[in-house]
2 protein chains.
Amino acid sequence: MVIKELENKLKEKDIRPTAMRLLVLEALSGQEAAISLSDLEKAFEKSDRVTLFRTLKTFQEKGLVHSIDDGTGAPKYALCEEGCECNIERDLHVHFHCRVCSETFCLPKYKIPEIDLPGMFIGEEANLVVKGVCGKCAD
Amino acid sequence: MVIKELENKLKEKDIRPTAMRLLVLEALSGQEAAISLSDLEKAFEKSDRVTLFRTLKTFQEKGLVHSIDDGTGAPKYALCEEGCECNIERDLHVHFHCRVCSETFCLPKYKIPEIDLPGMFIGEEANLVVKGVCGKCAD
DNA sequence: TTAAAAATTGCAATGGCTGTGCATCGGGTT
DNA sequence: AACCCGATGCACAGCCATTGCAATTTTTAA
């Protein structure tokens with residue numbers, strides 16, 4: 001049963017599986033692209049914005065999702081992949097933002113290259129967003 | 001005379017040199033780090049936020065400054081350097097954001113490496129922000 | 001030099017977004 | 001069953017970019 005799988009996914013991360021959270025997790029699972037809080041709100045018209053906000057916050061704290069700042073002003077959220085180390089170390093993978101459909105994709109296979117900074121700077125994390133046109137919008 | 005230099009800088013970029021603009025340009029010139037609209041507003045308490053906003057927008061359109069999204073929610077602005085091609089092609093250089101003093105620096109010598117994207121993605125520009133601690137705050 | 005036109009500026013206000021305080025609800029525990 | 005604690009929903013505050021409009025300043029033209 002699919003609901004069971006979602007439940008387990010939450011329990012694995014030490015998140016109490018409420019109805020709301022199962023729905024949000026399901027929505028995130030069905031998405032290829034990262035989604036913003038507003039996107040979620042549109043998908044769940046019946047629910048409160050703040051609840052969704054806090055749900056995402058909880059997911060993030062527990063390491064179930066990571067947030068992406070793609071420069072649109074609104075953070076986007078995506079499920080962490082198997083090997084996602086976004087909460088352990090720096091978030092290393094590249095994100096792609098399509099200027100046509102405004103969707104943002106994780107490119108987990110593409111890591112951010114090391115940057116040799118000038119001596120006085122100590123780098124801790126890095127965020128690389130490539131903008132352009134995605135496959136769906138290119139045709 | 002210094003004012004003359006600032007004036008020329010504006011005229012070069014086809015910007016009409018008003019008092020406001022000269023002051024903003026002067027403020028930008030004196031800064032090593034990139035500054036936000038709010039920073040500017042604090043420096044010019046007598047002037048209106050919207051005017052400063054539009055001044056920066058004009059500067060940006062004319063290629064005098066470029067804006068940086070360092071993930072703090074508020075865009076920051078920095079003067080374009082000699083070889084800055086931010087409006088011609090993609091903005092290639094790296095920015096550094098200090099989590100202690102919240103300042104953002106341009107690292108014009110550090111270019112964003114080319115990323116080989118999966119076939120369906122067409123990259124047009126890229127934004128790389130490294131976060132950490134700057135020299136002033138490291139001590 | 002003066003009048004008209006255009007650009008700039010300042011004020012008021014809007015809309016989008018994150019985030020907080022507080023009361024309520026519901027599920028789990030004793 | 002009574003209790004407790006976390007989750008939820010509502011109201012609201014705060015920050016930011018952005019627009020409309022009127023007043024002012026600067027440029028252009030006569």
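Here is how names work: the chains are called A, B, and so on, in the same order as the sequence lines, proteins then strands, and each is numbered from 1. Just so you know, these numbers use all the heavy atoms, side chains as well, and skip hydrogens, waters and symmetry mates.
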Rounded distance in Å - [atom1] ([X]) to [atom2] ([N]):
X: A:Asp48; N: C:dC25; atom1: CG; atom2: P; answer: 15 Å
X: B:Leu23; N: C:dT9; atom1: CG; atom2: P; answer: 10 Å
X: B:Asp14; N: C:dT8; atom1: CG; atom2: P; answer: 10 Å
X: B:Leu56; N: D:dT18; atom1: CG; atom2: C1'; answer: 14 Å
X: B:Asp69; N: C:dC17; atom1: CG; atom2: P; answer: 15 Å
X: B:Phe53; N: D:dG20; atom1: CZ; atom2: P; answer: 12 Å
X: B:Leu52; N: D:dC16; atom1: CG; atom2: P; answer: 13 Å
X: B:Glu41; N: D:dA17; atom1: CD; atom2: C1'; answer: 12 Å

[N] phosphate, OP1 or OP2: any side-chain N/O from [X] under 4.0 angstrom?
X: A:Thr18; N: D:dT8; result: yes
X: A:Arg49; N: C:dT18; result: yes
X: B:Thr51; N: C:dG10; result: yes
X: A:Arg54; N: D:dA7; result: no
X: A:Thr55; N: D:dA7; result: no
X: A:Ser47; N: D:dG9; result: yes

Side chain of A:Leu37: nearest nucleotide among C:dG10, C:dT18, D:dT18?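 My answer, after comparing the listed nucleotides, is C:dT18.
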Among the candidates C:dT18, C:dG10, D:dC10, find the nucleotide nearest to the side-chain atoms of A:Ala74.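 Looking only at heavy atoms from C-beta outward on A:Ala74, the closest nucleotide is C:dT18.
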For the hydrophobic clusters of this structure (ILVMFWY residues joined by side-chain heavy atoms under 4.5 Å, transitively), does one cluster hold both B:Leu6 and B:Tyr77?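 Yes, B:Leu6 connects to B:Tyr77 through the hydrophobic network.
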Membership question, hydrophobic clusters at under 4.5 Å side-chain separation (ILVMFWY): are A:Val24 and A:Leu79 in the same one?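 Linked, A:Leu79 and A:Val24 end up in one cluster.
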Using every non-hydrogen atom in the two residues, find where B:Ser36 and B:Asp39 come nearest and quote the distance to one decimal.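 In terms of heavy atoms, the two residues are closest at N-OD2, 3.0 Å.
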5′-ward residue of the pair A:Ser38/A:Lys57 relative to DNA chain C: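 Residue closer to the 5' terminus by nearest nucleotide: A:Ser38.
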Would you tabulate the pairs of protein nitrogen or oxygen atoms and nucleotide nitrogen or oxygen atoms of nucleotides 3-6 of chain D closer than 3.5 angstrom?
| from | atom 1 | to | atom 2 | distance (Å) |
| --- | --- | --- | --- | --- |
| D:dG6 | O4' | A:Arg16 | NH1 | 3.4 |
| D:dG6 | O3' | A:Arg16 | NH1 | 3.4 |

Is any NZ, NE, NH1 or NH2 atom of the basic residue among [X] and [Y] found under 4.0 Å from an Asp or Glu carboxylate oxygen of the other?
X: A:Glu41; Y: A:Arg49; result: yes
X: A:Lys9; Y: A:Glu5; result: no
X: A:Glu103; Y: A:Lys76; result: no

Pair B:His95, B:His97: side-chain N/O donor-acceptor within cut-off below 3.5 Å: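 B:His97 and B:His95 do not have a side-chain donor-acceptor pair below 3.5 Å.
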